[in-house]
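Residue numbers begin at 1 in each chain, while the letters A, B, ... track the order of the sequences. Note that the structure is predicted; figures quoted are calculated from it, not measured.
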Amino acid sequence: MVEKKYATLIDANDKYRLTQISQWLAYKDLLYFFVVKDIKVSYSQAYLGIGWAVFSPAIRIAILTLVFSKLAGIKSDDIPYPLFCLVGILAWTYFLNSINTATSSLISNHKIISKVYFPRLFIPITPLFSKLIDLFIGLLFVVFFMMYYGIGISDQLLFFPFVLVLLIITTTGAVLWFSCLALQYRDIKYAINFLMQMLIFVSPIVFPANLVKEKIGYMAYCIYGLYPVVGIIEGFRSTLLGINPIPWDLLFIGTISGLLFCITGFFYFQRMEKTFADL
Amino acid sequence: MKQPAIIVEGVSKVYKLRANRNLFFKFFANQHKSKAPLEIQALTDVSFSLDQGDVLGVIGGNGDGKSTLLKILSQVTFPSAGKVSLTGRVSSLLEIGTGFHSDLNGIDNIFINGTLLGMSKKEVEARLEEIVEFSGIGDLIHLPVKTYSSGMTMRLGFSVAAHLDSEILLLDEVFAVGDLDFQAKAISKIETLFKRGKTIVYVSHDIQSIRRLCTKCLILEKGRVKRIGEVDQIVNEYLQNNRPMV
């Protein structure tokens, strides 16, 4: 006898197919292997570049410290500037790399999409998992720097997982929107490239978000917080290093906009998903 | 007692080919508005139903909608109108070795390909030895797939597919893989699958294999169901109308 749970109904009038949640569970092992594949493929080539992987951020941080701290005199909220920068770069790199990989993922995997059924969502969200490895390796460097500067762990570290989840939620929203748009409009990758280059300067990587409050005002600071990466980077700094209080106002605003971004991205993806194979 | 495994009701599929795929122009130049999307009607009002254990062969010329039908049944693409209901776990084999990555070894690729086709990790683990054995690749299984010949890659892909245990199988012509020895092995493997009471939709140009393997036959012509019925009768009619060049 056929088990009832494997009944599939395809109806051309369904706009959203929320029943797919059961499909995600049925295919969860596939997501696991997508992630494993991504990690294996990127790290099998990465061991050749391991020297560069350490060397290039070190140089980058040295230059940023020289330019923004020594020359421009940007204050870093009592945090040693290289460490201040490193934590910001860490969160930003996860965001950027996930987006860069995911944006083209539906296009580069179009061959599979047009040949077998599986939850399409797994393709753009795979980098969200595999890039976590880079993030955790980066955290080891943060620990190293903290020991070097004699900074201990504070109880604010308890809230780090919350900030990390917010980072993942925001990035999920971005990859869902961007991957979907990139498949439909083949010029969108240029727009996203441009957008990300602009966002590097907008994000509080080389300067503290507090600078906005000081120079422009609290209102502008709150509007600035609508860009969730602001709260995330400041949240990373405060929870990991424990030097400054956690910016709950930024995190609150960022969580709302991040969640909205993620949920709308999810619905947009669900809606477009069924046309993927035809594009 | 037989119960319907596949019910297709009034399924149509229209492919819309958009001339403009450029967001910049869409916003700033408005130039695409004059062009209506080019539409291709791939399937028109296709209806049929299959009982559990039926093996349906689908024949038709190029562009008559055979692949589109399989893609709709396998949920790769979505119908423009109509309903499909499938009872049982569905696996579609529209291609051999989907999702293989050339830098990963054979074992990794078996897991990726197997889970992609709908197996769980446990199911693949349980059949791993059998799959490797059947592929005849031997110790090379631990080397990256890029070191395999194309025939070996196909054999590996076929072996994974042949060990699927779904109730409904959707097959595009997947027989012609590997050398002669392997082909014979593959065909007998497929035949055992066909005889295990699975519901199968099989698309092929090879009339002989349809006659041998299928119980029912469907002829598609220009996206419409031209004939459906018992295999011998339909195939004979088809051969009379389209005399193949011998």
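- Looking at B/Y15, only its side chain comes within 4.5 Å of chain A, counting heavy atoms on both sides.
- Heavy atoms from other residues, nucleotides or ligands lying under 6.0 Å from CE of A/M198 number more than 12.
- Contact of B/K121 with chain A is made through backbone and side chain together, with heavy-atom distances under 4.5 Å.
- With respect to chain B, the highest number of heavy-atom pairs below 4.5 Å among A/I113, A/V116, A/L31, A/D187 belongs to A/D187.
- Shortest non-hydrogen contact noted between B/I112 and A/F33 is CG1-CB, 4.1 Å.
- Residues B/F78 and A/E273 form no side-chain contact, since every pair of their non-hydrogen atoms from C-beta on lies 4.5 Å or further apart.
- In this structure, chain B has no heavy atom under 4.5 Å from any part of A/L181.
- For chain B, the nearby parts of A/I112 are the backbone and the side chain; heavy atoms of each come within less than 4.5 Å.
- The CD1 atom of B/I7 sits 12.0 Å away from atom CD1 of A/I10, with the distance rounded to the nearest 0.5 Å.
- Both the backbone and the side chain of B/S120 come within less than 4.5 Å of a heavy atom in chain A.
- A/D278 and B/T77 share a donor-acceptor pair across their side chains, judged by distance under 3.5 Å alone.
- Your options are B/A81, B/G82, B/S91, and the one with the most heavy-atom pairs under 4.5 Å with chain A is B/G82.
- Remark: A/K274 NZ to B/S80 OG distance equals 10.0 Å, nearest 0.5 Å.
- Proximity to chain A is limited to the backbone of B/S74, based on heavy atoms less than 4.5 angstrom apart.
- Scanning all heavy atoms of the two residues, the minimum distance from B/L104 to A/K37 falls at CD1-CG, 3.6 Å.
- Between A/R120 and B/Q75 the shortest heavy-atom distance is NH2-O, 4.4 Å.
- The distance from the OG1 atom of B/T98 to the CZ atom of A/F118 is 10.0 Å, given to the nearest 0.5 Å.
- Looking at B/L116, both its backbone and its side chain come within 4.5 Å of chain A, counting heavy atoms on both sides.
- Residue A/K115 holds its NZ atom at 11.5 Å from CD1 of B/I96, rounded to the nearest 0.5 Å.
- With a 4.5 angstrom heavy-atom cutoff, A/Y32 touches chain B only via side-chain atoms.
- With a 4.5 Å cut-off on non-hydrogen atoms, A/F34 touches chain B through its side chain but not through its backbone.
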